[in-house]
Protein chains: 2
Amino acid sequence: MAYPKNKTYDIDIEELARFAKAMGHPARISILRYLASMDSCFFGDICQELPIAKATVSQHLTELKNAGLIRGEIEPPKVRYCIDQENWEKANEAFRQFFSDIHPNDVCCNPEN
Amino acid sequence: MAYPKNKTYDIDIEELARFAKAMGHPARISILRYLASMDSCFFGDICQELPIAKATVSQHLTELKNAGLIRGEIEPPKVRYCIDQENWEKANEAFRQFFSDIHPNDVCCNPEN
DNA sequence: TTTGTTGTTCGCAAAATTACGAATAATATT
DNA sequence: AATATTATTCGTAATTTTGCGAACAACAAA
């Protein structure tokens, strides 16, 4: 853009957008999927799953942490990552509600109507 | 980045990421919400709902169209937009499945565990 | 034919994203 | 104390995103 200019949107819209944005990259979806399938997950394990450099993986993890979707804690010399239970539920609910807002027959310009 | 280097991920992961990315901006969430709440929706109506310039709205609409989440058809001199029923369901299902993959008690490093 | 309405496209600019290797920090091991 | 392991941060670069006003295109109305 340039100068953000304080565009404002509803809080819940901003929140859903933040969750969606965090999920808006295949590497980050992969990470979340992987974390969701494991009980124990170190940085190194995640790193091995992805076709990108560790520095980049670390950046993606930071974004997921900032969005609240994951947690990381140091277990020297490793770092253990996992899904953030509370916010994961929040995100789940936000998406669920969002999609439940529209029902097929409401739409007007799809071919079938 | 620089030179994309053909990072590959599973097809379904790519798809979910594309949907999420399209939803990763409050203006686009607003548009989708608005469309989901209306039967009839012209560009001008959408535009009035948002705190950004029409050129920018048009760009966001293009992104949503490219992601397959909406459709637009010309009804001179206006353009009618609506949710793309089929892909909306696809997206809904993709998110639903994604979130259903994790269950609270699987996680390992949340405070409660 | 000129004018008005509607929405897209163009040209531009600032900021954010994605990516990498190298350097660094923090801890454990020898 | 020196070395090895692990993961983050730094520096850099290319690309993408977001945004705007102005110009444009398409059609309707006067």
Side-chain angles (χ1 to χ4, degrees), chain A residues 1-9 13-14 17-31 34-35 40-67 70-82 109, chain B residues 1-9 13-14 17-31 34-35 40-67 70-82 109:
Chain A
M1 211 264 269
Y3 13 80
K5 240 177 181 177
N6 274 345
K7 303 305 177 188
T8 72
Y9 299 91
I13 285 183
E14 299 261 17
R18 271 191 310 111
F19 285 137
K21 188 174 183 182
M23 291 171 57
H25 191 288
R28 293 194 293 269
I29 293 287
S30 297
I31 291 169
Y34 186 69
L35 285 177
S40 168
C41 341
F42 293 116
F43 173 82
D45 302 325
I46 297 168
C47 222
Q48 265 190 319
E49 291 289 307
L50 301 177
I52 52 180
K54 65 181 176 170
T56 309
V57 172
S58 203
Q59 277 182 135
H60 284 304
L61 287 168
T62 298
E63 284 182 71
L64 289 171
K65 250 191 302 186
N66 290 341
I70 66 171
R71 292 161 159 277
E73 42 189 70
I74 301 170
E75 276 183 33
K78 300 189 174 184
V79 177
R80 182 186 299 280
Y81 281 98
C82 69
C109 52
Chain B
M1 215 261 271
Y3 13 78
K5 240 177 181 177
N6 275 343
K7 302 307 177 188
T8 72
Y9 299 91
I13 285 184
E14 298 262 16
R18 270 191 311 111
F19 284 137
K21 188 174 183 182
M23 291 171 57
H25 190 288
R28 294 194 292 269
I29 292 288
S30 298
I31 291 169
Y34 186 69
L35 285 178
S40 168
C41 342
F42 293 116
F43 171 85
D45 303 324
I46 297 169
C47 221
Q48 265 190 319
E49 291 288 307
L50 300 178
I52 50 179
K54 65 179 177 172
T56 309
V57 173
S58 202
Q59 278 182 136
H60 284 304
L61 287 168
T62 298
E63 284 182 70
L64 289 170
K65 248 191 304 186
N66 290 342
I70 66 172
R71 291 162 160 275
E73 42 189 69
I74 300 170
E75 276 182 31
K78 300 191 176 184
V79 177
R80 181 185 298 280
Y81 281 99
C82 68
C109 52

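Quick caveat, the model's predicted, so the values are computed rather than measured. Every chain is numbered from 1, with letters handed out A, B, ... down the list of sequences.
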With a cut-off of 3.5 Å and sequence neighbours excluded, list every side-chain donor-acceptor pair involving residues 55-62 of chain A.
unit_1: A:His60; atom_1: ND1; unit_2: A:Arg28; atom_2: NH1; d: 2.9
unit_1: A:Thr62; atom_1: OG1; unit_2: A:Ser58; atom_2: O; d: 3.0

In terms of the angle between their ring planes, are A:His25 and B:Tyr9 parallel, tilted or perpendicular, with boundaries placed at 30° and 60°?
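Ring orientation, 0 to 90° scale: perpendicular.
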For the pair made of [atom1] in [X] and [atom2] in [N], what is the distance, rounded to whole Å?
X: B:Glu49; N: C:dG7; atom1: CD; atom2: C1'; answer: 17 Å
X: A:Arg28; N: C:dA19; atom1: CZ; atom2: C1'; answer: 12 Å
X: A:Arg80; N: D:dT8; atom1: CZ; atom2: P; answer: 14 Å
X: A:Ile46; N: D:dA7; atom1: CD1; atom2: P; answer: 9 Å
X: A:Glu73; N: D:dT8; atom1: CD; atom2: P; answer: 13 Å
X: A:Phe42; N: C:dA28; atom1: CZ; atom2: C1'; answer: 14 Å
X: B:Arg18; N: D:dT17; atom1: CZ; atom2: C1'; answer: 18 Å

Can you give me the N/O atom pairs linking the protein to nucleotides 25-30 of chain D at distances under 3.5 Å, or say none if there are none?
none

Is there a side-chain polar atom (N or O) of [X] under 4.0 Å from OP1 or OP2 of [N]?
X: A:Lys78; N: C:dA28; result: no
X: B:Tyr81; N: C:dT8; result: yes
X: B:Lys21; N: D:dT16; result: no

List in numerical order all residues of residues 53-67 of chain A for which some heavy atom is under 4.0 Å away from an atom belonging to DNA chain C.
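Heavy-atom contacts with DNA chain C come from A:Ala53, A:Ala55, A:Thr56, A:Gln59, A:His60, A:Glu63.
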Compare all side-chain heavy atoms of A:Ser30 with those of A:Leu50 and state whether any distance is below 4.5 angstrom.
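A:Ser30 reaches A:Leu50 side chain to side chain.
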Starting at the 5' end of DNA chain C and moving along, which residue's nearest nucleotide shows up first, A:Ile74 or A:Ile52?
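Comparing both residues, the 5'-ward one is A:Ile52.
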Ignoring the backbone of A:Phe43, work out which of C:dA16, C:dG7, D:dT8 is nearest its side chain.
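Given the options C:dA16, C:dG7, D:dT8, the side chain of A:Phe43 is closest to D:dT8.
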Spacing of B:Lys65 atom NZ and B:Arg71 atom CZ [to the nearest 0.5 Å]:
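It is 11.5 Å, given to the nearest 0.5 Å.
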Going from CZ on B:Arg80 to CG on B:Asp45, what distance comes out if it is rounded to the nearest 0.5 angstrom?
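Here the interatomic distance stands at 9.0 Å.
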Provide the closest heavy-atom pair for B:Leu64 versus B:Ala22 in the form atom of the first, atom of the second, distance.
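Smallest interatomic distance, heavy atoms only, reads CD2-O, 3.8 Å.
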I need the minimum non-hydrogen distance between A:Ala67 and A:Arg18, along with the two atoms involved.
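Where A:Ala67 meets A:Arg18 most closely, the heavy atoms are O-NH1, 4.1 Å.
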Please step through side chain to side chain contact (heavy atoms under 4.5 Å, CB included) for the pair A:Tyr34 and A:Gln48, ending with a clear verdict.
CA-CA 11 Å; A:Tyr34 186 69; A:Gln48 265 190 319; over 6 Å; no
Pick one: which of B:Leu35, B:Ile70, B:Ile31 meets side-chain contact (heavy atoms from CB on, under 4.5 Å) with B:Cys41?
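Of all the options given, the one that passes is B:Leu35.
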Quick one: on DNA chain D, does B:His25 or A:Val79 contact a more 5' nucleotide (nearest heavy atom)?
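Looking at the nearest nucleotide for each, A:Val79 comes out on the 5' side.
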